[in-house]
Each structure stands twice: as C-alpha cells, then as structure tokens.
Engineer: 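Structure in structure tokens, see below.
For clarity, every value in this text was computed on a predicted model and none was experimentally measured.
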There are 2 protein chains.
Amino acid sequence: MRPTVNDIAREAGVSLATVDRVLNARPGVREKTIRAVNDAIVKLGYVRDLTAANLARSRNYRMAVVLPDTESQFVQTLADALTDAGSIAAAARMDLRLHRFPAEDPHALAALLTSLPGRGYSGVALMAPETPILRDAIRALRAKGLPVVALVSDLPNTGRDHFIGTDNRAAGRTAGVLMGRFLGPAPAQVLVLGQSLLARDMIERRRGFDEVMLRDFPQLDVLPSLETHGSGQTLRQVVAERLTNAPGVRGIYAMGDGHRALTQVIDDMGLSGKLVVICHELTPHVRQALEGGEITAVITQNLGHLARSTLRVLRAKADNLPLDAGQEQIRIEIVLRENLPPIPDSAAFSAAEPADTAA
Amino acid sequence: MRPTVNDIAREAGVSLATVDRVLNARPGVREKTIRAVNDAIVKLGYVRDLTAANLARSRNYRMAVVLPDTESQFVQTLADALTDAGSIAAAARMDLRLHRFPAEDPHALAALLTSLPGRGYSGVALMAPETPILRDAIRALRAKGLPVVALVSDLPNTGRDHFIGTDNRAAGRTAGVLMGRFLGPAPAQVLVLGQSLLARDMIERRRGFDEVMLRDFPQLDVLPSLETHGSGQTLRQVVAERLTNAPGVRGIYAMGDGHRALTQVIDDMGLSGKLVVICHELTPHVRQALEGGEITAVITQNLGHLARSTLRVLRAKADNLPLDAGQEQIRIEIVLRENLPPIPDSAAFSAAEPADTAA
DNA sequence: GCATTTTTGAGGTACGTCCCTCATTTTGCG
DNA sequence: CGCAAAATGAGGGACGTACCTCAAAAATGC
C-alpha cells in the first residue's frame, strides 16, 4: 500500500494537521518540525495522490484560448486540435473556451483580454502578433493573477509565463538545409514567399533560412521575400510571374500561408515534382500536395501535441506547479511523403465497455 | 457548476443507485431506464469526474516493463525515459517496475513473464524479439487478463493489445529518400549496416530503404547489408575494409546500433562531413556525432513521448478505456544538426512553491 | 390475483486530501 | 515566573464517485 498523509504523521510523530500544514506550505510550523515531516516523507517515499488532491480542492480550470479569426487552414486546424484536447480534458475539470478576435484589430483583442478576468477564467493561451497595446493587456492580466501563455508565435517582451511552439529561427534553418541539400551542388535560384500576419515568425524563419544558405550553400541565390498578404490571388500572380521570368528558380520556400494557391500555380505550370518546394505546417492541403508531389518537404509542429501541451501548461501555471520540460517541448518536425503520419482514425477506439458515453 | 451524478438522477427521475448502475454498466436495469439516464447525461452534458472516480476505485496500477539487458545506449535511454515517466505518473497511482532479461535467452524471458501475474501486476510492456516461446507466454498473460503492449519492435502474431513505436518500414523509406536526395543525381554506392538482435526491425527498415532506392534513385548502388552483431570491433573492421576497397561509397545507412564505433571509423579515415551518413535513434552519442558532422541525419522516435505513451496505454488497457489515437502515435522524426532539439534542462522547473518535495 | 422475479430506491461507507475550527501545549520574552 | 504568542493536536465536513446491502416497488408469469 502506498503511504498516505496518516502514515507520514505517524512516522514523523506529529499530527495530521501538522503534516497538512507542511505539505501545503501553510504558516505556523517550526523549522524543526518541517524537517521532521519532510524526512518522514522521504523515508516512506510518500507521493501526494493527485487524484485525491484535485478532488478535495474541487478546483475548476476555466481557460481561455484566444486565436485570430483568420480563416486559414492552420488556425482552423489548431482550433480543432484545441477543441479536441479540451473535450478530453473536461474529465479532469478543464473547461476550455475558444475566443476569436479580428486579426488586424489589436484594440479588439485588448478589449477581449480585458474582459476575461471577470468571467471566471484562470488562464489564457494566446496567439497574436505583439503590439504595445497587447503588451499592456497581458501585463494587466498577469497582475490579476491570470497566467498567460503564448501560442505558436512567441511574445517575449510581454512577460508571458510560457511559450508553446517551435523555435522559428531553427525551423528556418532546417528549411534551409533541406533546400540546400535537396537542390544539390549546381547553382540555382530560390524563391521565398511570406505574408505578414505573424510578422515575427516570418522574420525569424527568414533569418534562419538565410543563415544556413549563406554559410553552407553559396551556389544558391536566394531572392528577396515576396509578400503575399494572405491573398491567394496575389500569390498566384506573383509566383507565376517570377517563375516565367526567372528560369533559374529551382526551389521555393513558402514561409507563410497560402499553400492552396501555391499548389495550383505549380500544377498549372506543369512544375509538380520539378521544383524543391518547402513550406511550413502540415495542414490537410499541404498533406495532399505532399502526396501529389507539388510540395517536397514540410517543416511542421504537431498540433495535437501543441494543444495538449497548452492545457497541461495552463493547468500547471494555474496551480503554480512545475512543468515536465521534455514533454512540453514542441519539436520541429520534418515531413516528407515517406514519413507522412497516417491520419489518426478518430473513431479508433479500442474499448469494449458498453456504457462509455460518460467515461 | 458541473453536473454530478446527483443531477443526473434528479433529471432522469431515478435514484442515485440506478444512475450508478447505468454508468458502470451493472446489470439489473431496464432498457427504458437506461435510455432515460443516458438522455439526462446528454442533456446535462455530464462528464464523469475521473479524479473522483479513480479515487473511489482506489485502483493501483502496477505495471511491468520488460527490456533486454543489452547495454546499448538506446535501451539505456529508453529505460531512463520510462523511469522518469514512471516517477511522475506515481502521483496518479502508477507503479512502474523495470525488468531486464538476458537478451539472447527467450526461455529466461518467458519465465520472467510467467512470474508476473502472481506479483500484483495489471499490465506488461515488452521489448523483445518475437519467438514461439514468447508467443505462448504472451497468450498466457492475456488469458490471465493482463494487457500486453509491444514496445519499439512490434509483436504482431502474439495477440499483443497494442504496439507503441514507429512503422519501421516507413522509417526505412524515410532514410532512403534522405539518402537519395542528399547524395544527388551522380552515381554512388551506399553501405548498409545492421545487426541482428531485433531482427524484425532491421528487415523492415531494409525493405523500406530498398523500396525507395530502387524506385526513385536508380543511380545509387546499395550494397548488401553488413552484419555487425552488435560488436563495435567487427563494425570498425568491416566498415574500414569496405571504405578502403570500394571508393565509390558515398553514403552509409546504419540501421542498427554501434554508432560510437561508426563515428570513430569515419573520423579515423578523415571522412567526417564527406559522406552522407544516416542512422536511427537519437542517443547521446548520435547527437554528438550529428553536431560533429560525422552523421548527417537521424531517423528517430521521441523516447520521452514513447515512455509516456506506454504508461497511458497500459493504464487505458487496464481500465478497458479508449485511447486517443493521435496522442499515442509515435512519429518518425528526422533530425538534422539544424533541428536538433535542445536537451531539456531537467531542473527547469518554473514553480515557486516552497514545499514541493511531494508535489 | 398471487407468487416470483426483476427492477428500483434509500442509505451508508470508503477513497486520500484539503481546509476549517477550537482547544491545548509549547515556546519565547520580559 | 508569568503571560502572550506561536505551534501543534483533535476532529470533522467536503469533494464526486464506487460499491455494498437491504428493503420496497414494479413487472412478469401462471
């Protein structure tokens, strides 16, 4: 049998109340007694039973997730992943609520954030570009005791409690190595596409990409970024024009969104499989293009993992508990057609229990 | 407030006892009543509180993890990851125990497995090569109600409940694409190294590798596998000999263990950075060789994830609950120097609580 | 309509921890 | 030494579910 608080009390020769005081860091216990209790804890190998602790606390975790209302597949996929993770975590007292804000309206975002503390939330996860208004709003949240977690794109100067996502500079470097090695030793030109919504991400990726290209692949000529501003129309035009006028282009690095339009141009020009195309984020479109050969490699992050990590981190922060750093690290994944993860069958339950509606 | 069983009872117009019978699939309830209760559950959005349920069940999960006693860094790293995950899961009533068996002795393994049911275990995770004796031992375990989970290397014909690891064939294919694309269009020879401990893995990797090489990179000449039998000595000799006698070798695919010896040969011959070297499993040595340039790319799986997944799956199987397929899927990861994940600082706690010895 | 079986209700205890109150003992200080 | 303050003990209710027993009610068969 596992030792319980009662065993600790007996072992330490103190009362249950004292053990409790020590365990929960309540005041009014002598240093010496604290030591005696801790010794007993170590000696018996006591581990606090989290299920019982959580029950007793009867704590609820209402968390807000705030995302831009962009209709991009990436944000949509992320939202889905978060919703999924949330519905599973509901069994552990989590109550995750998604909020969207107008992508280009920092004031609306700030207003939304300001309204959260009054609504019973005990944590916020947020994906948004960093602005001065946002910085203030986040500081205000934290001043009210709400932990704030940055999602996907870091907000380093806001004092956020944690960042959940990949190192975009390293992701750019990874894209660079793949581009360089896939293109081989012959001279060639590389097209870089970006938008500007999450400017920080784009800048960091570009920086990492250039870093590697300059250092390791001098034979490759990386053209200046083309801004697409999230418009498929613009992207198609710009890319078609470049590919026609610059026949030396053999690689495309798509840092941002708009993969659908990109795939289309490549198909239209009959270039599928003839270019090295590297992009970010494994959305359904990208998956298809990877299988179809329009896209060569994808640098991505596991959104399911990111979503679950978000919930765990929010909870740990709300309880002021330590994190398992290894588990919360979001990896930079490289996906080729050959290691495309199978689509997990969402109905792939392996249980045999009949009345599992509530389980 | 979240609805509880009491709310369900009131809503359905039945007693608490009946709700309990329905929730836990106990007999003696009319079809009609079951429906009424389930309707109330849906209507109120009731979700069983797992923390309370587990507490009430006061169920303990003593699980056995059985690994070969190979002193390879991979197995050692895996064991460490499992131990780490186990100590964290202890707070959730998990009691993970590691067992080692003599790598080449299926009888000893079978004896070990047979001894488990009598020792209070409620699940087994196992990494071992498939043999007829093992098949029988696993069947016996399952007949006694112990779920059996295969680790790293699948045991498809044993009736194991679940497999936790990567698709080795796909991993081999991935290695193949990288090798092919990294080597470029010029003809070259590729050396393949393997051992034989976990024969199934090696065969599958080789098959996947060849599949891609034949189909996509006909200019590359893949030499027959060299067996190293896990001996660094042998590996060094064999590889040195081949590299000297076959000057066309520009790539090495190391399917199995022995990275330390491999790195050494490459360094000794002054070939660091001049060959495309692809291997499996990101152990500390491999990480170092990746940074040093002796190894170009690593196909790996996240052992931390694998370990945590193992615990979750064992627990779910023990409780006969459904799995979250997406979360339990172990991905085939490609690691280059540029996306080498930082070593998670194991002391990177972000809590501020003082008396956290027991938390 | 009666006996029998099946279904339902009522109530209680347990799980391990949290958190509260009130009394009692010990300690520190003048 | 005496008094106030600090430390500790004793006890109990709560969290939400599981699981048990026994009695009562309802459905079923004849």
Engineer: Of the candidate nucleotides D/dA7, D/dA18, D/dT17, which contains the atom at the shortest distance from the side chain of A/R30?
Structural biologist: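 That would be D/dA7.
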Engineer: Look at the aromatic rings of B/H305 and A/H305 and report parallel, tilted or perpendicular, splitting at 30° and 60°.
Structural biologist: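 Geometry flag for A/H305 against B/H305: parallel rings.
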Engineer: Quick test of your reading of the model: are A/D95 and B/R2 salt-bridged, counting only N-O distances below 4.0 Å?
Structural biologist: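 A salt bridge is absent here (no side-chain N lies under 4.0 Å from a carboxylate O).
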Engineer: With a 4.0 Å cutoff (strictly under), does any side-chain N or O of A/R48 reach OP1 or OP2 of C/dT17?
Structural biologist: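 For A/R48, the contact criterion (side-chain N or O under 4.0 Å from OP1 or OP2 of C/dT17) is not met.
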Engineer: Separation of A/R59 atom CZ from C/dC18 atom P, in whole Å?
Structural biologist: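 Value for this atom pair: 14 Å.
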Engineer: Would you call A/R57 and A/D319 a salt bridge, using N to O less than 4.0 angstrom?
Structural biologist: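 Salt bridge absent between A/R57 and A/D319.
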Engineer: Holding to salt bridge (charged side-chain N to carboxylate O under 4.0 Å, His left out), I want the full list of residues that pass it with B/K43, two or more places apart in sequence or in another chain.
Structural biologist: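 Per chain and number, B/K43 pairs via salt bridge (charged side-chain N to carboxylate O under 4.0 Å, His left out) with B/E11.
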Engineer: Any N/O pairs under 3.5 Å between the protein and nucleotides 9-15 of chain D? List them or say none.
Structural biologist:
residue : atom : partner : partner atom : Å
D/dG9   : OP1  : A/S15   : N            : 3.4
D/dG9   : OP2  : A/S15   : N            : 2.6
D/dG9   : OP2  : A/S15   : OG           : 2.9
D/dG9   : OP2  : A/T18   : OG1          : 2.6
D/dG9   : O6   : A/R21   : NH2          : 3.1
D/dC15  : O2   : A/L55   : O            : 3.4
D/dC15  : O2   : A/A56   : N            : 3.2

Engineer: Using a strict cut-off of less than 4.0 Å between a Lys/Arg side-chain nitrogen and an Asp/Glu carboxylate oxygen, indicate whether A/D324 and B/R308 qualify as a salt bridge.
Structural biologist: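 Looking at A/D324 and B/R308, the cut-off is met.
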Engineer: State, to 0.1 Å, how close A/R160 and A/F163 come at their nearest heavy-atom pair, and which atoms those are.
Structural biologist: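 Shortest heavy-atom contact: NH2-CB, 3.7 Å.
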Engineer: What is the separation between atom CD on A/E31 and atom C1' on D/dA7, rounded to the nearest whole Å?
Structural biologist: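 Rounded to whole Å, this separation is 13 Å.
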Engineer: Check every strand shown and say whether B/D20 touches a base, only sugar-phosphate, or nothing at a heavy-atom separation below 4.0 Å.
Structural biologist: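 Base: the residue B/D20, judged by heavy atoms under 4.0 Å, touches a nucleobase.
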Engineer: State, to the nearest 10°, the angle formed by the axis through the first five base pairs of the helix from C/dG1-D/dC30 to C/dG30-D/dC1 and the axis through its last five.
Structural biologist: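 Inter-axis angle at the ends, rounded: 10°.
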Engineer: To the nearest angstrom, how far is A/R26 atom CZ from D/dA6 atom P?
Structural biologist: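 In whole Å, D/dA6 P lies 19 Å from A/R26 CZ.
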Engineer: Any side-chain heavy atom of B/Q301 sitting closer than 4.5 Å to one from B/L303?
Structural biologist: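 They are in contact (side-chain heavy atoms under 4.5 Å apart), so the answer is yes.
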Engineer: If every non-hydrogen atom of A/N157 is compared with every non-hydrogen atom of A/R135, which pair is closest and at what distance?
Structural biologist: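 Residues A/N157 and A/R135, closest heavy atoms: O-CD, 3.3 Å.
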